[in-house]
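In what follows, chains are A, B, ... by sequence order, proteins preceding strands, each numbered from 1.
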Protein chains: 2
Amino acid sequence: MTKVSALSQAEENYLKEIFHLSGQDKIKVSTNGLAEKLESKASSITDMLKKLGDKKLVSYEKYKGCSLTKKGEKIAIHIIRKHRLWETFLVNKLNFGWDEVHDVAEQLEHIQSLKLINGIDHILNYPKVDPHGDPIPDKDGNIDYLESKVLLSETAISSKVEVVQVSEDSLDLLQYLDSIKLNLGSKIEILERVAFDESIRVKLEGNGELSLSKKVAENIYVKFIQK
Amino acid sequence: MTKVSALSQAEENYLKEIFHLSGQDKIKVSTNGLAEKLESKASSITDMLKKLGDKKLVSYEKYKGCSLTKKGEKIAIHIIRKHRLWETFLVNKLNFGWDEVHDVAEQLEHIQSLKLINGIDHILNYPKVDPHGDPIPDKDGNIDYLESKVLLSETAISSKVEVVQVSEDSLDLLQYLDSIKLNLGSKIEILERVAFDESIRVKLEGNGELSLSKKVAENIYVKFIQK
DNA sequence: AATTATTTTTAGACAAGCCTAAAATATTAT
DNA sequence: ATAATATTTTAGGCTTGTCTAAAAATAATT
């Protein structure tokens, strides 16, 4: 068991972001890609990748991008677990809106205490997804990805679907979805595709017919419902 | 309204410790005193006091010690409020022992979100004291000190008292008190004082007669109970 | 294949927060 | 009051994590 001495918040943020950019198929992550996400400069990224490389948390070869090692991935997943559990706690227990949780969870994800996060997991009754529908890794780091989800922007006319996940990156999107009463679990029927701007006309259960821009539809995942 | 741009965790820790060392009568705090509590060197303290002085959070004159300004005190109290609310949350909601909360609360006290800490206050039903009996400052920074408390070490023979506060500084003390089943609210009768080592013999409701060293008795606050 | 454009790395600098060692000031004891 | 002691500050240095500007490597284009 290689015990990892506590990482700085900066290091943890790098690992988390590499995990996200790497995606489910674990592609290599570029220096510039990381720099953009972390709102930092490429030179800073290079410095940190060297350090994380020395610590065997990422594999890094000059000019070749980086990827997480097993050890780095394990830590990244644990941070993501904490982030998503805290978001769930804020929404379920403290009545935060799904648009209010991100910044606070970014702070809380760095708190070091297994007993604390497992206690939060327990009082939430071991939730499988966070308020945006993202899967919450379990105590052992297993992530239960929903295989059957598709982008709303890619559904065929007259399909009936249920919202299972929305992008948590944009505050504006989350607030807009709130305003049209579109939540996780919302039922949607696709009525029409407008060729001109690629928007779609839908029937949203509980809020009648409305039109969603291509950009909005690209940030909503749904699953088909038999009926 | 002078809006204070977010402070670093180091700065917050200095303000908190100055508040504690300053005590209820707001005495000036020495550089060495701070250094010891913060487990740091006097030279580091001097550096930081200059900085906090520039920010008008402490009044500091070379070689004369320091004290908090109104602004600094307000921030210190808010951090203490967060610390004590989190400790209460850990004990009341997540079944932590009173000896397990300190380190985690030291981290959680730096989380910045009024909505979060006020939400925690709410689900705890606005507690007045933390798990060690320390008063929890309210939202406006008011602290309800228990005037009538005295040190157990200073009580007269045959008084009957109730434990209202214990020092949270020592893990060993808290664990020892656990082991003899002495908690907040425990009822104690003082039976005898042993001159030789200044220990006291007491009757502890629920755990019979036992002897407490001077040092232990100096870390327990009690109030007298009539009857 | 050579040139241009893009990406990434290196080199050197800076702020925060800490350190050690030496100097300055304050306090205590004679 | 002065010498000895203790406390505090200054000076200079180190690490972490960031930055800018310049150099090097890779990728794209003609």
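Of the candidates dC19(C), dT10(D), dT20(D), dC19(C) carries the atom nearest the S44(B) side chain, counting heavy atoms from C-beta on. Out of dC18(C), dT9(D), dT20(D), the shortest distance to the side chain of S43(A) is found at dT20(D). In the set dT26(D), dC18(C), dT9(D), dC18(C) carries the atom at the smallest distance from any side-chain atom of Y14(B). Side-chain atoms of D47(A) lie closest to dT10(C) of the nucleotides dA11(D), dT10(C), dT8(C). Among the nucleotides dC19(D), dT9(C), dT9(D), the one closest to any side-chain atom of Y63(B) is dT9(D). The side chain of M48(A) approaches dT18(D) more closely than any other nucleotide in the set dT9(D), dT8(C), dT18(D).
Taking atom CD1 of I45(B) as the reference point, atom C1' of dC19(C) lies 12 Å away to the nearest angstrom. Computed from coordinates, the Q9(A) CD to dT18(D) P distance equals 11 Å when rounded to whole Å. Rounded to an integer number of Å, the gap from NZ of K41(B) to P of dA22(C) is 15 Å. Atom CD of E11(A) and atom C1' of dT18(D) are 14 Å apart (whole Å). Note: CG (L34(A)) to P (dT9(C)) measures 11 Å, nearest angstrom. The nearest whole Å value for the distance from the CG atom in L38(A) to the P atom in dT8(C) is 14 Å. Across the protein-nucleic acid pair, E39(B) atom CD and dC19(C) atom C1' stand 15 Å apart, rounded to whole Å. The distance from atom NZ of K28(A) to atom P of dT8(C) is 12 Å, rounded to the nearest whole Å.
Contact annotation: Y60(A) side-chain N/O to dT9(C) OP1/OP2 distance is under 4.0 Å. Proximity of K50(B) to the phosphate of dT9(D): no side-chain N or O atom is located under 4.0 Å from OP1 or OP2. Regarding contacts with the backbone of dT6(C), every side-chain N or O of N32(A) stays at 4.0 angstrom or more from both OP1 and OP2. Residue K62(A) places at least one side-chain N or O under 4.0 Å from the OP1 or OP2 atom of dT10(C). In this model, the phosphate group of dC19(C) is approached by a side-chain N or O of S40(B) to a distance below 4.0 Å at OP1 or OP2.
Under the 3.5 Å distance criterion, the side-chain polar atoms of S199(A) are left unmatched by any main-chain donor or acceptor of K214(A). With hydrogens and angles disregarded, no donor-acceptor distance shorter than 3.5 Å links the side chain of E17(B) to the backbone of Y14(B).
Cation-pi geometry between K50(A) and Y60(A) is not satisfied (NZ or CZ under 6.0 Å from the ring centre, within 45° of the ring normal).
Among the atoms of the strands shown, only primed sugar atoms or phosphate atoms (P, OP1, OP2) are found under 4.0 Å from some heavy atom of T31(B).
Evaluated for a side chain to side chain donor-acceptor pair (under 3.5 Å) with E109(B), the options R81(B), H83(B), H78(B), K82(B) yield exactly one hit, H83(B). Checking N13(A), L38(A), V29(A) one by one against I18(A), the side-chain contact (heavy atoms from CB on, under 4.5 Å) holds for a single residue, V29(A).
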